[in-house]
Amino acid sequence: MAQIPNYDHINVEKKWQKNWEDRGAFEVDNAPSEKTTYYILDMFPYPSGAGLHVGHPEGYTATDIVSRYMRMKDYEVLHPMGWDAFGLPAENYAIKTNVAPEKSTRGNIENFTGQIKSLGFSYDWTREIATCDPSYYRWTQWIFSLLYKNGLAYKKEAPVNWCDGCMTVLANEQVVDGACERCKNDVLQKNLSQWFFKITDFIEDYVDEKTGRTTTGLINGLDKIDWPESTKIAQRNWIGKSFGTEVDFEIEGSNQGITVYTTRVDTLFSGTFIVIAPEHPLVEKLTLEEHREEVRKYMENTQGKSEIQRTDLNKDKTGAFTGSYAINPVTNDRMPIWVADFVLVNYGTGIVFADAHDERDFEMAKKFNIPLKVSLRPKDDELWKQVENLEVCFHEEGILVNSEEFDGLISAEAREGITDRLIKEGKGRRTTNYRLRDWLISRQRYWGSPIPVVYDSNGNASIVKDDHLPLELPTDVDYKPKGTSPLGSSEEYVARAEELYGEGARFEIDTMDTFVCSSWYFWRFMDPKNEKLFAGSEALKKWGAVDLYVGGAEHTVMHLLYARFFCKVLHRFGYIDYDEPFLKLRHQGMILGEDGEKMSKSRGNVINPNEIVERHGADTLRMYEMFMGPFKDMKPWNMNGAAGIYRFVQKVWKLYSSVKGNGFATDDACENLRHKTIKKITEDTENFKFNTAISQMMVYVNELNANGATKKDMEALLLILGIYSPHISAEIWELLGFEKELGFLDEQPWPIYDAALCVDNEIEFAVQVNGKLRGTFMSAPNITKDEALKEARELENVSKFLNEGEVLKEIYVPGKLVNFVVR
RNA sequence: GCCGUUGUGGCGGAACUGGUAUACGCGCACGACUCAAAAUCGUGUUCCCUCGGGAAUAUGGGUUCGAUUCCCAUCAACGGCACCA
């Protein structure tokens with residue numbers, strides 16, 4: 001017998017990766033085709049200097065398995081990969097080393113590409129894109145223009161996080177516990193003129209006046225997509241729609257009033273004071289002369305604080321009295337108007353009415369000795385005594401008291417009644433409020449897409465002409481932060497502006513948030529080289545929305561909300577004919593270090609995928625990551641577990657060796673298991689239950705090693721294993737000579753199972769007495785109840801228990817069990 | 001505080017629609033091969049036990065002939081949001 005060499009994963013994997021690349025095995029074009037298309041997308045990575053870590057291939061393996069599966073099911077699959085290449089780390093690296101972000105990013109991309117390619121994923125690399133490429137961000141800028149021209153991109157003053165140490169604005173993510181993540185200085189609030197996208201315009205459904213076409217809003221759209229329920233809930237909470245009442249208050253000695261938004265109008269009768277946000281424009285007017293100094297001092301104090309400090313729940317309530325009074329519209333009580341920073345200017349109307357049934361209000365009243373009243377009583381009498389004596393704050397729903405005709409109603413009823421009365425008296429109305437604010441996209445950084453806006457010598461903004469796009473990043477900049485955007489230091493940028501737009505013209509020097517670039521990349525993959533459009537209509541029509549999107553749950557709100565927003569924008573303006581970009585979404589769970597902690601350099605528990613690929617091969621890495629546990633769960637790495645998968649790969653090779661040496665088995669001993677296995681892998685793969693699919697393959701391989709494999713067994717095994725471990729499967733497929741008659745493994749149809757052959761002709765029945773297992777017997781599954789009971793009674797261990805009492809009931813579950821109820 | 005997710009052997013985990021809990025893998029133990037070790041192969045492995053059985057799926061109840069699965073309460077861990085009126 002010829003000696004079969006040991007499995008050489010290093011060369012076999014290289015060989016097949018080259019084969020796929022040379023053949024263009026996974027490349028697809030945009031020409032219309034007979035096949036149904038399917039678009040499978042990974043969240044494209046940020047190419048960091050640290051390189052790939054084992055978390056990346058978890059999602060990539062899942063999409064690769066599904067991509068290969070769908071191709072075998074005869075779908076035309078678009079499965080691309082690219083780079084979310086703008087971002088702060090490259091810029092920080094540039095500040096430290098003066099290496100241009102462009103250069104370090106290109107290097108990182110090269111590194112990532114090599115690592116990803118070593119895992120044998122079936123990407124169409126001809127569609128690779130990078131968001132930092134001018135040919136890409138040209139279209140990011142085009143989308144900005146589209147929003148600008150339709151009044152959906154605007155500039156206004158907004159408070160931003162400011163670090164005096166770094167002399168720059170920071171993103172919220174860069175602020176850790178109220179301090180700069182880099183220099184640890186306290187972060188302050190500063191007002192700067194910033195660009196915003198009007199995402200709030202897309203919360204609700206929109207009907208186009210001319211065409212009558214509806215663009216589903218960000219809330220309702222969630223109902224029609226297959227996403228994890230928890231992600232949908234998080235998005236709804238983030239949007240934060242609430243129904244409430246606007247109440248108008250008169251100001252004593254003024255003909256101007258104020259309006260307050262509340263969801264708890266049932267507590268209006270206990271409203272004894274008003275609180276207004278420090279930034280509110282009315283503060284100035286409401287503050288009387290003798291209180292001006294006190295309020296001014298308070299404001300000064302507040303302005304020096306960051307939002308994080310201001311919203312620290314543990315801190316004491318602070319505030320200042322303006323001297324003005326409002327009139328409670330239902331009780332006519334005089335309500336002192338205070339300024340306090342726990343009220344946020346950008347939610348509701350920036351003013352609240354305060355009362356004893358809100359913890360913040362209660363706390364503030366106690367601190368400043370503001371009078372309180374109660375208007376809600378709890379069911380519990382003991383508690384009521386304390387509430388009535390203003391010892392504790394009762395903030396839940398209750399029964400109304402001291403509220404005139406509404407006494408005795410429960411909170412929900414009272415809200416309706418009180419609102420109706422306010423409406424009748426012209427003092428209020430029902431309204432809806434949202435927590436979601438417009439998206440601030442300006443960044444005072446270098447390494448992002450330039451904002452295509454130009455200012456004339458008077459500072460008037462206009463959009464950069466389409467002919468002048470892309471507005472490319474200048475390279476003659478000083479990366480060191482000085483308090484303004486790095487682009488401001490470029491002479492070349494000024495020269496270009498003046499050349500195109502006349503003397504004194506200046507381009508906007510802020511760049512866009514990188515989330516803008518990643519909000520539309522999935523369309524660019526469809527037609528990455530198009531120079532006339534972000535993607536051509538033929539490509540857009542062929543591929544449609546993303547059918548399957550896989551990525552981490554950390555993008556539950558930001559990225560996934562922004563991408564939905566862009567989709568709705570393009571739908572509203574007629575560029576695409578669907579208004580949800582991702583039809584099916586799945587999240588992978590995080591892979592933890594061997595110590596069960598999050599992987600981090602400082603902990604020293606980072607697993608490098610290169611190491612696994614060298615030691616055990618890409619097939620092992622792929623399979624192990626899928627076998628660790630449920631896809632969406634967090635799970636710790638275990639080197640021994642990976643070695644176990646390597647052993648499985650060896651067993652597959654051993655099976656091949658034995659077939660090569662002894663020939664195929666002639667007795668189809670595993671026919672039943674073969675069909676059951678195909679069935680289970682098919683179902684598990686479709687349901688993202690990759691861990692149990694692999695278990696089943698192990699069972700099958702173990703049985704084949706024990707009983708011998710027929711030709712049908714080997715074909716079936718390689719076809720199903722081929723989507724999980726494509727290299728070894730393709731190799732054995734070729735070595736067994738299957739390719740000559742059938743072509744390459746990855747060109748085969750997915751195997752089908754015969755449902756009739758999945759059924760066992762003899763199964764084990766369980767016999768219980770009072771629900772406790774007392775024995776089993778083997779029988780045909782279609783046995784009648786009487787036959788089953790007879791078999792069961794004859795078991796020695798069962799009859800013993802039956803004789804101990806009277807049999808009250810006999811239960812027979814076909815194909816499963818018999819249960820006797822004995823008293 | 002609010003929202004969400006999860007609790008099953010020594011470990012990762014499995015269990016269809018309420019029907020034999022612990023599949024598969026890891027680890028461990030013993031055995032085979034070997035001068036020996038590694039690798040490999042085989043056997044065993046939830047716990048207790050008087051070997052007949054008893055107990056166990058975070059805890060305490062409930063529904064049911066029967067509950068990891070359904071219901072109620074409690075506890076713990078993780079993740080997100082957080083002075084949102």
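Per chain, numbering begins at 1; letters A, B, ... match sequence-line order.
Of all nucleotides listed (B:rC84, B:rC26, B:rA23), B:rA23 comes nearest to the side chain of A:S695. Among the nucleotides B:rG13, B:rU20, B:rG25, the one closest to any side-chain atom of A:K635 is B:rG13. Among B:rA85, B:rA82, B:rC83, the nucleotide with an atom closest to any side-chain atom of A:R435 is B:rA82. Here the side chain of A:K317 is nearest to one of B:rC83, B:rG13, B:rA85, namely B:rC83. Set against B:rC24, B:rC3, B:rG53, the side chain of A:M698 has B:rC24 as its closest nucleotide. Listed nucleotides B:rU20, B:rG4, B:rG19 differ in distance to A:I233; the shortest reach to its side chain belongs to B:rG4. Among the nucleotides B:rC84, B:rC65, B:rG53, the one closest to the side chain of A:N797 is B:rG53. Nearest to the side-chain atoms of A:L817 among the listed nucleotides B:rG12, B:rA85, B:rG19 stands B:rG19. For A:Y261, whose side chain is taken as the heavy atoms from C-beta onward, the closest listed nucleotide among B:rA85, B:rC81, B:rG25 is B:rA85. Minimum atom distance to the side chain of A:D341 is reached by B:rC83, of the listed B:rG54, B:rA85, B:rC83.
A:K689 comes within 4.0 angstrom of the backbone, heavy atoms only, and of no base. Using a 4.0 Å heavy-atom distance criterion, A:K772 is classed as a sugar-phosphate-only contact. At a threshold of 4.0 angstrom between heavy atoms, the contacts of A:N702 are confined to the sugar-phosphate backbone, with no base atom among them. Here A:E359 lies out of heavy-atom contact (under 4.0 Å) with every strand. Residue contacts for A:R360: at a heavy-atom cut-off of 4.0 Å it reaches a base atom on one of the strands shown. Residue A:G644 is in sugar-phosphate contact alone, with no base atom involved, counting any heavy-atom pair closer than 4.0 Å across all strands shown. Among the protein residues, A:E554 comes within range of no part of the nucleic acid, since none of its heavy atoms lies under 4.0 Å from any strand. Among the atoms of the strands shown, base atoms are found under 4.0 Å from some heavy atom of A:V352. Here A:M634 lies in heavy-atom contact (under 4.0 Å) with sugar-phosphate atoms only. Counting non-hydrogen atoms under 4.0 angstrom, A:V699 reaches the backbone sugars and phosphates but no base.
Annotation: salt bridge (charged side-chain N to carboxylate O under 4.0 Å, His left out) contacts involving residues 762-780 of chain A, sequence neighbours excluded, are absent.
Listed pair A:R647 / B:rG27 meets the phosphate criterion, a side-chain N or O lying under 4.0 Å from OP1 or OP2. A close approach under 4.0 Å does not occur between any side-chain nitrogen or oxygen of A:R774 and OP1 or OP2 of B:rG53. Between A:N691 and B:rA14 there is a side-chain N or O to OP1 or OP2 distance below 4.0 Å. Between B:rA85 and A:Y347, a contact under 4.0 Å exists linking OP1 or OP2 to a side-chain N or O. In this model, the phosphate group of B:rG53 is approached by a side-chain N or O of A:K800 to a distance below 4.0 Å at OP1 or OP2.
Ion pairing of A:K367 with A:E363 is absent here, as no side-chain N (NZ or NE/NH1/NH2) approaches a carboxylate O to less than 4.0 Å. Using a 4.0 Å cut-off between charged nitrogen and carboxylate oxygen, A:R415 and A:E397 count as a salt-bridge pair.
B:rA37 and B:rC28 are spaced 16 Å apart, taking the P atom of each and rounding to whole Å. Look at the P atom in both B:rA77 and B:rU40: the space between them is 40 Å, to the nearest Å. Rounded to whole Å, the P atom of B:rG12 lies 22 Å from the corresponding atom of B:rG60. When the P atom is used for both B:rA85 and B:rU63, the distance is 41 Å, rounded to whole Å. Comparing B:rG10 with B:rG44, their C1' atoms are spaced 16 Å from each other, to the whole Å. Using atom C1' as the reference point in both B:rA23 and B:rG9, the two lie 13 Å apart (nearest Å).
Panel note: side chain A:R564, backbone A:L218; a donor-acceptor pair is recorded below 3.5 Å. Distance alone, capped at 3.5 Å, is enough to place a donor-acceptor pair between the A:N328 side chain and the A:G271 backbone. Of the possible polar contacts, one joining the A:N638 side chain to the A:N640 backbone as a donor-acceptor pair under 3.5 Å is found. Side-chain atoms of A:T349 come within 3.5 Å of backbone atoms of A:T259 as a donor-acceptor pair (strictly under, hydrogens ignored).
Put simply, the side chain of A:N819 and the base of B:rC65 share a donor and an acceptor less than 3.5 Å apart. On a pure distance criterion of 3.5 Å, a polar donor-acceptor pair joins the side chain of A:R437 and the base of B:rC84.
In this structure, A:K317 is positioned above the aromatic face of A:F342, its NZ or CZ under 6.0 Å from the six-membered ring centre and within 45° of the axis.
The separation between A:H587 atom NE2 and B:rG4 atom C1' is 12 Å, rounded to whole Å. Rounded to whole angstrom, the span from the CD atom of A:E703 across to the P atom of B:rC24 amounts to 10 Å. Rounded to an integer number of Å, the gap from CG of A:N237 to C1' of B:rG80 is 10 Å. Regarding A:N770, its CG atom lies at a distance of 19 Å from the P atom of B:rG19, rounded to whole Å. One interatomic measurement links the two molecules: CZ of A:F690 to C1' of B:rC24, which rounds to 17 Å at whole-angstrom precision. Protein atom CD of A:Q588 is 16 Å distant from nucleotide atom C1' of B:rU5, rounded to whole Å. Taking atom NE2 on A:H395 and atom C1' on B:rC83, their separation rounds to 13 Å, with Å as the unit. When the P atom of B:rA39 is taken as reference, atom CZ of A:F648 falls 20 Å away, rounded to whole Å.
In this structure, A:Y7 and A:H9 have tilted ring planes: the angle between them lies in the 30° to 60° band. The aromatic rings of A:F690 and A:F631 lie perpendicular to each other, with more than 60° between the two planes, well past the 30° mark.
Taking every heavy atom of both residues into account, A:N237 and A:R435 meet most closely at O-NE, 3.7 Å.
RNA chain B contains the following stems of three or more consecutive Watson-Crick or G-U pairs, with both distances under 3.5 Å: B:1-7 with B:75-81, B:10-12 with B:24-26, B:27-32 with B:40-45, B:46-48 with B:53-55, B:58-62 with B:70-74.
Toward the 5' end of RNA chain B, the nearer of the two residues A:P636 and A:G350, judged by each one's closest nucleotide, is A:P636. Map A:P630 and A:S230 each onto its nearest nucleotide of RNA chain B; the residue landing nearer the 5' end is A:S230.
An anti orientation is assigned to B:rG10, its glycosidic angle lying beyond 90° of 0.
Checked against salt bridge (Lys or Arg N to Asp or Glu O under 4.0 Å), A:E703 has no partners two or more places apart in sequence or in another chain.
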